[in-house]
Colleague: 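Pasting a structure here, questions to come.
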Amino acid sequence: MDDLLKFIEEQKIIAVVRASEHNDADAVAKALIDGGVRILEVTPNISQYLKLIENLSKLDQVLVGLGSATDGEQAHRAINAGARYVSCHYTDKNIFTVCKNNNSVVIQGAATVTETMEAYNLGVDLIKIYPANFLGEAPYLNRLKRSFPFLKLVPAGGVNLENFLDYLKAGAAACVIGRSICDKSLIRAHQWPEVTERAKQFIQKLETLKVTR
């Protein structure tokens with residue numbers, strides 16, 4: 001468990017595979033990996049998403065998780081397929097219990113200070129600040145970290161190339177990145193090289209932060 005959390009905090013980038021068709025989602029995942037991304041989040045809206053999780057879980061140096069989970073049974077199926085973490089937009093005790101009983105990292109959502117502390121007190125590994133772009137972005141996350149420095153926060157919603165480093169400098173443990181890498185227009189046009197290029201741009205941004213520290 002500690003190794004999984006360490007890997008997430010080292011990699012910093014959790015990329016959501018945004019595609020509904022299985023073949024497109026598979027192509028997106030490969031494009032993201034080619035771009036240097038090592039943490040992939042597969043959502044249930046993808047056809048045959050469990051099969052995709054199973055295939056990705058067999059790859060070396062790739063951590064795959066289930067995103068947008070809605071119940072414990074769904075989380076359990078994903079973990080059995082090979083998901084090493086489960087993420088949802090809110091705090092759910094059933095999903096939390098399934099993850100803890102199966103040695104999987106749990107990422108659960110919060111918006112307010114009260115919700116954030118409830119997630120922390122429940123024992124959530126990483127607290128997803130969602131939707132970050134409607135909550136004040138990096139300054140809001142920074143204020144949470146200043147008040148509660150022990151929190152491990154992961155912003156999601158509206159994270160892009162321009163504000164990515166702002167979140168990390170504000171204290172984010174990692175960032176969930178979706179549309180800014182996997183835009184629907186790219187998927188419709190099967191522009192997989194562009195997905196790879198966008199992933200590389202995020203990786204390059206991350207490298208500049210490491211150099212300055």
Colleague: For this output row, return yes or no: ring centroids of F148 and Y120 closer than 6.0 angstrom.
Modeller: no
Colleague: Decide side-chain contact (heavy atoms from CB on, under 4.5 Å) for T208 and L165; before the verdict, give the C-alpha distance in whole Å, the side-chain angles of both, and the deciding distance to 0.1 Å.
Modeller: CA-CA 9 Å; T208 65; L165 292 189; 3.7 Å; yes
Colleague: Donor-acceptor pair, distance only, cut-off 3.5 Å: does the side chain of K12 make one with the backbone of E9?
Modeller: yes
Colleague: I need the minimum non-hydrogen distance between L5 and D125, along with the two atoms involved.
Modeller: CD2-CB, 3.8 Å
Colleague: Return yes if some donor-acceptor pair links the side-chain N/O of D183 with the main-chain N/O of S185 below 3.5 Å, else return no.
Modeller: yes
Colleague: Could you state the interatomic distance from CG (L50) to CD (Q74), rounded to the nearest 0.5 Å?
Modeller: 8.5 Å
Colleague: With a distance cut-off below 6.0 Å to the six-membered ring centre and an angular limit of 45° from the axis, does K128 pair with Y130 as a cation-pi contact?
Modeller: yes
Colleague: Which atom pair, heavy atoms only, marks the closest approach of A119 to T91?
Modeller: CB-OG1, 3.6 Å
Colleague: For R84 and S104, run side-chain contact (heavy atoms from CB on, under 4.5 Å): C-alpha distance rounded to whole Å, both residues' side-chain angles, the deciding distance at 0.1 Å, then the answer.
Modeller: CA-CA 5 Å; R84 303 302 306 279; S104 300; 5.7 Å; no
Colleague: So, the side chain of N94 versus the backbone of G72: is there a donor-acceptor pair under 3.5 Å, distance only?
Modeller: no
Colleague: How about I33 and R38: do any of their side-chain heavy atoms sit closer than 4.5 Å?
Modeller: yes
Colleague: Closer than 3.5 angstrom, by distance alone: can the side chain of N101 be matched with the main-chain N or O of F96 as a donor-acceptor pair?
Modeller: no
Colleague: Search all heavy atoms of A78 against all heavy atoms of L66 and return the closest pair with its distance.
Modeller: CB-CD2, 3.6 Å
Colleague: Between Y167 and E137, is there a side-chain donor-acceptor contact under 3.5 Å, judged purely by atom types and distance?
Modeller: no
Colleague: Can you name the closest pair of heavy atoms from A170 and A138 and give their distance?
Modeller: CB-O, 3.7 Å
Colleague: May I have the step-by-step check of side-chain hydrogen bond (donor to acceptor under 3.5 Å, both in side chains) for E41 and Y85, ending in yes or no?
Modeller: CA-CA 9 Å; E41 189 163 297; Y85 76 87; 2.9 Å; yes
Colleague: Would you say N121 and E118 make side-chain contact, with heavy atoms under 4.5 Å?
Modeller: no
Colleague: Find out whether I187 and V28 are in side-chain contact, i.e. whether some heavy atom of one side chain is under 4.5 Å from a heavy atom of the other.
Modeller: yes
Colleague: Main chain of G35, side chain of T196: is a donor-acceptor contact present, judged purely on distance under 3.5 Å?
Modeller: no
Colleague: Between I14 and I177, is the side-chain contact (heavy atoms from CB on, under 4.5 Å) condition met? List the steps.
Modeller: CA-CA 6 Å; I14 301 172; I177 303 168; over 6 Å; no
Colleague: Supply the atom-to-atom distance L56 CG to Y49 OH, rounded to the nearest 0.5 angstrom.
Modeller: 14.5 Å
Colleague: Using the side-chain hydrogen bond (donor to acceptor under 3.5 Å, both in side chains) rule, pick out the option among R18, R188, H190 that qualifies with D24.
Modeller: H190
Colleague: Could you tell me whether the side chain of L52 reaches within less than 4.5 Å of the side chain of H22, counting heavy atoms only?
Modeller: yes
Colleague: Are V16 and F134 connected, step by step, through hydrophobic side chains (Ile, Leu, Val, Met, Phe, Trp, Tyr) whose heavy atoms are closer than 4.5 Å?
Modeller: no
Colleague: Does the Q108 side chain pair with the main chain of D92, one donor and one acceptor, at a distance under 3.5 Å?
Modeller: yes
Colleague: Can you check whether V17 reaches C182 side chain to side chain, under 4.5 Å on heavy atoms?
Modeller: no
Colleague: Are L168 and L161 joined in one hydrophobic group, where the rule is that I, L, V, M, F, W and Y side chains link up if heavy atoms are under 4.5 Å apart?
Modeller: yes
Colleague: Return the CD1 to OG1 distance between I95 and T70, rounded to the nearest 0.5 Å.
Modeller: 6.5 Å
Colleague: Do V37 and W192 sit in one hydrophobic cluster, given that two such residues count as connected whenever their side-chain heavy atoms are within less than 4.5 Å of each other, even indirectly?
Modeller: yes
Colleague: Within a strict 4.5 Å, meaning less than it, do heavy atoms of the V176 and V159 side chains meet?
Modeller: no
Colleague: Grab the two heavy atoms, one from C99 and one from I79, that are nearest each other, plus how far apart they are.
Modeller: CA-CD1, 4.2 Å
Colleague: Does E73 have more than 12 heavy atoms from other residues, nucleotides or ligands lying within 6.0 Å of its CD?
Modeller: no
Colleague: Going hydrophobic residue to hydrophobic residue with side-chain gaps under 4.5 angstrom, can you get from Y140 over to L151?
Modeller: yes
Colleague: Could you state the interatomic distance from CZ (F202) to CD (E197), rounded to the nearest 0.5 Å?
Modeller: 12.0 Å
Colleague: Please determine whether side-chain contact (heavy atoms from CB on, under 4.5 Å) holds for the pair V42 and V64, giving the CA-CA distance in whole Å, both sets of side-chain angles, and the decisive distance to 0.1 Å.
Modeller: CA-CA 7 Å; V42 174; V64 60; 4.0 Å; yes
Colleague: Using a 6.0 Å cut-off, check whether atom NZ of K51 has over 12 heavy atoms from anything other than its own residue.
Modeller: no
Colleague: How long is the gap from OG1 on T43 to CD1 on I53, to the nearest 0.5 Å?
Modeller: 9.0 Å
Colleague: Judged by atom type as modelled, is there a donor-acceptor pair below 3.5 Å linking the side chain of N160 to the main-chain atoms of N163?
Modeller: yes
Colleague: About how many Å separate CD1 of I129 and CG of L141, when rounded to the nearest 0.5 Å?
Modeller: 6.0 Å
Colleague: Is it true that D71 and R77 have a side-chain N and a carboxylate O under 4.0 angstrom from each other?
Modeller: no
Colleague: S147 side chain to L144 main-chain N or O, any donor-acceptor pair under 3.5 Å?
Modeller: no
Colleague: Look at D26 together with K30 and state whether they make a salt bridge at an N to O cut-off of under 4.0 Å.
Modeller: yes
Colleague: Any donor and acceptor pair, going by atom type alone, linking the side chain of S20 with main-chain N or O of N45 inside 3.5 Å?
Modeller: no
Colleague: So for atom CD, which belongs to Q61, do other residues, nucleotides or ligands contribute more than 12 heavy atoms lying within a distance under 6.0 Å?
Modeller: no
Colleague: Can you find a heavy atom in the side chain of V86 that is under 4.5 Å from one in the side chain of I107?
Modeller: no
Colleague: Using the rule that Ile, Leu, Val, Met, Phe, Trp and Tyr join whenever any side-chain heavy atoms are under 4.5 Å apart, tell me whether I13 and L59 fall into a single cluster.
Modeller: yes
Colleague: Grab the two heavy atoms, one from G65 and one from A83, that are nearest each other, plus how far apart they are.
Modeller: CA-CB, 4.1 Å
